[in-house]
Structure formats: structure tokens, C-alpha cells
Amino acid sequence: MLPGHFVCNTSVYKSRYTKSLLREEPLFSSLDIFLFTLIIGLVIYWFMNRKKPEPIPEFKKLDTPAPTTRETSFIEKMKKMGKNIIVFYGSQTGTAEEFANRLSKDAQRYGMKGMAADPEEYDMGELSRLSEINNSLAIFCMATYGEGDPTDNAQDFYDWLQENDDENLSGLNYTVFALGNKTYEHYNAMGKYVDKRLEELGATRIFDLGLGDDDGNLEEDFVSWREQFWPAVCEHFGVEALGDESSIRQYELKEHPDINMNKVYTGEIGRLKSFETQKPPFDSKNPFLAPVTVNRKLNKGGDRHLMHLELDITGSKIRYESGDHVAVFPTNDPALVKRLGEILGVNLDTVISLNNLDEESNKKHPFPCPTTYHTALTHYLDITHPPRTNVLYELAQYATDPKEQENMRKMASSSPEGKALYQSWVLDASRNIVAILEDLPSLRPPIDHLCELLPRLQARYYSIASSSKVHPNSIHICAVVVEYKTKTGRINKGVATNWLKNKVVTDNGYKSTVPMYIRKSQFRLPFKATNPVIMIGPGTGIAPFMGFIQERGWLKEQGKEVGETVMYFGCRHKNEDYLYQEELEEAESNGVLTKLNVAFSRDQEHKVYVQHLLRNNKEELWKLIHTQNAHIYICGDARNMAKDVQTAFHDIAEDLGNMTRTQATDYIKKLMTKGRYSQDVWS
């Protein structure tokens with residue numbers, strides 16, 4: 001409106017000015033001056049009041065302490081704190097970190113001082129300087145992730161070990177405990193590599209490599225190794241155990257009765273209020289709250305619940321590729337949390353902090369603090385897995401019944417009887433901390449000590465069941481709800497799958513959200529679209545192949561030449577749990593899938609699995625693999641299916657490639673090395 005007025009008044013001014021010249025009157029009349037003044041005023045008003053560009057909103061500054069410069073020199077830190085043992089951990093699910101903390105606490109019982117350390121936070125090139133500290137020792141608790149890979153936080157350390165051939169570690173004393181799973185092809189690869197590589201660089205191994213197998217009893221493997229490890233350390237350094245077996249607290253409790261609730265964590269993983277003011281980039285310390293847009297049951301019958309969810313990532317700047325994993329942060333069952341509060345007789349809404357007694361430690365709290373007990377038990381602590389022996393040992397002091405205390409200490413010991421009792425009473429019976437407290441009525445520990453001892457609740461990983469080429473703003477998940485009856489008659493529920501099952505699209509008008517981030521994978525379609533692909537994924541192992549199929553279909557729509565795309569799927573019954581049946585059959589009918597092979601294991605007298613179909617089609621498979629450079633992909637159960645499938649391929653190579661068994665095994669191993677035989681499996 002204002003610019004228009006400006007133009008109109010200018011024309012009036014011009015008209016009067018012309019007339020005054022013709023009559024040879026004074027150059028400006030009083031009216032002219034008035035109008036001129038009005039125009040100038042209007043111009044100034046317009047400029048002062050025109051619509052300003054929208055200011056870029058500033059994120060509200062949160063009341064967080066000023067960031068301190070992080071100490072990247074572990075040598076200087078150890079000298080400053082009087083430590084002589086450092087325990088590095090490569091941890092993906094928190095177990096290696098837990099073991100590292102236990103070992104660092106152990107050191108105190110042997111007259112030494114230890115610290116647990118994340119290799120990602122320190123300059124690992126300083127390992128050669130550890131000899132500057134008397135009686136120094138580096139312990140490495142290294143987990144293996146995926147197909148023989150280092151964990152995310154140990155990737156830089158792994159790269160450093162590979163790249164520094166000239167490093168001299170002759171003054172370094174070390175030992176390694178490896179965490180892995182025998183059902184995987186590359187069992188404990190990371191731990192074995194670190195152990196071997198440190199020796200190659202001149203370091204001194206003071207105790208044998210420990211191998212922990214999560215497919216067996218990882219806790220027992222660790223305890224057995226640890227029982228022999230410390231006497232070897234004492235012998236090496238000429239020290240004696242202090243004989244102090246009392247509980248050593250790492251954190252002290254502080255209650256906050258009058259705190260401003262805006263300063264209290266309510267489930268955020270990293271930054272306070274990060275769920276209210278979302279800010280990219282999104283990762284494990286800053287997950288994105290993705291709204292759930294679809295949550296549907298996939299199976300038509302049976303007693304299981306298989307589900308398909310879709311998460312909306314619009315505006316998040318999150319990018320993913322087919323084959324990547326989505327990590328989600330679940331919460332514990334509210335009924336379980338409530339029961340824990342009832343047993344211990346505490347007000348779960350009490351706001352607390354657990355503060356590290358070691359003020360120099362990088363880890364100030366075991367979980368984000370200040371927070372409430374309710375939030376800690378819901379979002380931050382694992383209350384569903386059977387507790388490890390160190391938790392039982394620390395809690396035993398609170399059992400008032402001598403028999404219960406004796407049994408708890410026995411289960412935490414390394415004696416054969418104790419190990420057997422722990423195996424049967426805790427592991428085989430699937431007793432979580434709530435069940436243990438229910439079945440040991442005299443055991444009522446302080447809740448703050450329990451919160452200190454329980455491990456962190458970890459993110460869960462799912463193979464993404466979509467392609468970003470087709471669904472750039474959506475991530476699909478395919479999962480089966482875990483629920484089973486234990487030997488004690490209790491119903492145990494999988495934390496993440498039951499939590500996801502209850503994520504209805506709208507809950508009382510609010511959108512259900514899932515805290516998530518992307519973990520990149522090596523499980524990738526061939527670079528050349530013309531390469532044939534053979535996909536084997538029974539059950540929810542179909543997930544990444546839904547993304548692969550979508551992507552191959554998209555490539556065909558773009559006019560690209562696409563090689564043969566062969567799918568092997570398996571389920572129990574065609575009419576019950578044939579997942580994505582319509583999508584798969586449509587993909588076959590429109591030529592995206594060259595061939596769809598489905599094994600229904602229980603629809604006939606003799607069970608039929610995917611490996612049986614592979615052997616039935618061995619000629620066409622061998623042709624694709626041996627002459628057409630096909631890529632093989634397997635997703636699903638590692639313990640049985642993946643092994644049986646690999647055996648089938650050994651049989652095919654031996655039979656049609658005229659090879660010995662050893663040659664056939666080597667042939668498949670070479671395919672793995674070349675990236676033509678990929679597995680995304682779990683146990």
C-alpha cells in the first residue's frame with residue numbers, strides 16, 4: 001500500500017509545479033512545500049516500516065556449563081591422577097566398556113590405580129610414552145562388530161595401527177581381552193588383530209589374549225580370564241594383592257529437591273533439551289526424533305507379531321543407502337520400571353545426580369544427570385538383561401539372609417559350582433534384576449547403588465527395508481516382536497520390539513516418534529548395475545532386500561541396464577508369515593525380480609529351507625556366480641541359516657566347479673574378499 005501512495009502523490013506534485021511555472025509565480029507555493037514535506041515523510045515512513053526479512057531464529061541458549069578443553073593426552077592425565085593402568089575399550093553395545101570399568105576398579109584391589117578410556121577421545125600415538133610411568137600397563141577390551149570390523153569408537157585406533165609401521169612400542173606392556181561371537185565368520189577379529197599388531201610394533205604382552213564368546217557365556221569367559229590375569233600382573237610387577245574385596249563405589253549420590261526442572265534430563269542422549277530443539281547433524285549422541293507414519297502387522301496368522309514401520313525423516317538432512325542400518329533408542333516397559341520402584345520402596349520422581357568420585361575422569365556421570373530415578377530406569381539403564389556376576393557380587397552385601405548372600409557371592413565366584421549356579425539360576429532362567437529382587441526377598445539394595453551398577457540401555461540396530469532412491473524421506477523397518485515364557489513362568493518381552501509395536505501413528509493427537517540415527521554399512525549393491533545379484537533372506541532377513549529390490553526397480557525405470565535379480569525367501573507357512581508377498585510377487589511380474597524362490601518350511605511333512613532351494617537350483621546359480629560375476633547377499637540368523645547357506649554354496653562349488661572341499665571353501669572365501677559374498681547376520 002505505501003509504495004502506491006508514494007507514486008500517486010508524486011504525480012500531484014508534478015502537476016502543480018508545472019502550473020506555477022506558467023504563471024511565473026514564486027518557485028514553490030506553501031501547498032507545494034506542504035506536499036513535498038508529506039511525500040518525504042511518507043518515504044521515510046515506508047522505509048522505516050516496510051516488512052523486514054525474517055530474522056534467522058537463534059537456538060535458545062541452554063544453561064549448560066561452559067565446555068572445557070578436553071584432555072587428549074592420556075599420559076599427562078595418568079601422571080596428574082597418579083594412575084599406572086589404562087583400560088581402553090572398543091565397544092558397540094556397551095559390554096566392552098563395562099568390562100573395562102570392572103578391570104580399572106580391580107586395579108585398586110592390587111595396590112594400583114586404573115582408568116577406563118575411550119580410544120576415540122585420546123591421542124593413541126602416545127602409547128609409546130607409557131613407559132614414562134612406572135609399572136604401567138595398557139589393557140585393551142576390544143569388541144568385533146559386523147563382519148570383523150572395529151567398533152565405531154575404535155575405528156581411528158584401528159586405522160592408526162594399520163598406518164604406522166614405523167611406530168616403536170618397545171616400552172609398552174599390554175594385554176587384550178577380545179569380545180566376539182563364534183557364530184560369525186570373523187570371530188574376535190578386532191581383538192586378535194590388536195593383540196598381534198601391538199606385538200609386531202614391539203610391545204610386550206604380559207598375559208595371553210582372552211577370547212570371549214557371546215554365543216556361549218561371555219561373562220564366564222571374562223571372569224575366568226580375569227581370575228588368571230591379575231595374578232600374572234602381580235607376578236610381572238612384583239606386587240601383592242591387598243586382599244581388599246570390599247565394594248568400591250565409583251559415584252556418589254546427590255539429590256536435588258528444589259531444582260529447576262528445565263535443567264533435568266528427561267531421556268535425552270546427549271545435549272539437554274535436544275529433543276525439544278532438534279539440530280543436525282544427527283548421530284549416536286544426537287538422535288533425530290522421527291515421527292512414525294506407518295505401523296502395520298505383516299503376518300496374516302500365527303502366534304507371532306511381525307511388523308513394518310515407516311519413520312519420517314523429512315527436513316532432518318539424514319541420508320542413507322540401501323543396506324545401511326537404522327539405530328533406535330528404545331525405552332523400558334513402564335510396568336517393569338514401576339515394579340522396581342515398588343520393590344525398593346522409593347519415590348521414582350526424586351531428582352538425583354550420580355557424580356564421579358574421580359573428579360578428573362572424563363565420565364562425570366554413569367548416565368545424563370541430573371535426572372529422576374524414573375527417567376534413568378526408563379531411558380538410560382538396562383533392567384531386562386540378566387545381570388552380570390560383578391553386579392551380583394556388589395549387591396550381595398545388602399542381602400540380610402545369610403543363605404541368599406552366600407549364593408550371590410558363590411555365583412560371582414570363579415568356582416565350578418558358582419559358575420554352574422549362575423548359569424542355571426540367572427542365565428538359563430532368564431532372570432532380570434526385577435526377577436532377582438522378587439526371588440531374593442532379603443535383598444533390598446539402595447537404588448542409587450543399583451543404578452550405578454546396571455549397564456546402559458543400548459540402541460538397537462535394524463537393517464533398513466527401503467531404498468532412499470524411492471523413499472528419500474522415509475526409513476522402513478521390518479521386525480518380529482520378541483516375547484517368551486521363562487523357566488520361572490514369567491513372560492519376558494524384548495525391549496525394542498515391544499516398544500516399536502506400541503508406536504501407534506497418532507497417540508491422543510500426538511505423533512509417535514522414535515529417536516534414531518543411521519549407521520553406515522558395507523552391505524551394498526554392486527557398483528555395476530549389470531552384475532547379477534543373488535539375495536538370501538528368510539524371515540525378517542528380507543529387510544535389506546526390500547531396499548535392494550526397490551533400487552533395482554528404480555534403476556530399470558531410469559532406463560539403466562540391470563542384471564539378473566534373484567531372491568530366496570523363507571518362512572513357516574505361506575498363509576501366515578509370507579512377508580511382503582504382494583510386493584515380491586509384483587516385483588517378479590514386472591521383471592524387477594528375475595526369479596522369486598520361496599521356501600515354506602512347515603507347509604509339508606519334511607521341512608524345506610532356503611539352502612534346499614539353493615541346491616535344487618545349483619546349475620543356474622553356478623552359472624551366475626562363476627561366469628557372470630554375480631554378487632551373493634545373505635541376511636538373517638547367523639547361528640544356523642547363514643552357516644547352512646554357506647555349506648550349500650561349498651557343495652555347489654565342489655560339485656559343479658570340480659573342486660575338492662578345501663578348494664570350494666577357498667573359492668567362497670575369495671568371493672568374500674572381493675566383496676561378492678556379503679553377510680548381514682545376527683545371532
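Scope of the values below: all heavy atoms of this structure, side chains included, with no hydrogens, waters or symmetry mates.
Ring-plane geometry between Phe329 and Tyr517 is classed as tilted, the angle between the planes lying from 30 to 60 degrees on a 0 to 90 degree scale.
Crowding of Asn347 atom CG: a count of heavy atoms from other residues, nucleotides or ligands under 6.0 Å exceeding 12. Within 6.0 Å of NZ in Lys520 there are more than 12 heavy atoms belonging to other residues, nucleotides or ligands. Few gaps surround NZ on Lys77; more than 12 heavy atoms of other groups in view lie less than 6.0 Å from it. Heavy-atom neighbours of Lys105 NZ from other residues, nucleotides or ligands within 6.0 Å: above the threshold of 12. In Lys79, the NZ atom is crowded: over 12 heavy atoms of neighbouring residues, nucleotides or ligands sit closer than 6.0 Å.
Looking at every heavy atom in both residues, Ser413 comes nearest to Gly418 through OG-CA, 4.0 Å.
If you run salt bridge (charged side-chain N to carboxylate O under 4.0 Å, His left out) between Glu219 and each of Arg102, Arg226, Lys419, only Arg102 comes through.
The aromatic ring centres of Tyr89 and Phe99 sit 6.0 Å or more apart.
Among residues two or more places apart in sequence or in another chain, the ring pair (Phe, Tyr, Trp, His ring centres under 6.0 Å) test is passed with Phe88 by Phe74, Phe140.
Atom CG of residue Leu377 and atom CD1 of residue Ile383 lie 6.0 Å apart, to the nearest 0.5 angstrom.
Screening residues 444-455 for side chain to side chain donor-acceptor pair (under 3.5 Å), with sequence neighbours left out, gives Arg249-Asp448, Arg249-Glu452, Tyr398-His449. Residue pairs meeting the salt bridge (Lys or Arg N to Asp or Glu O under 4.0 Å) criterion with at least one member in residues 373-386, sequence neighbours excluded, do not occur.
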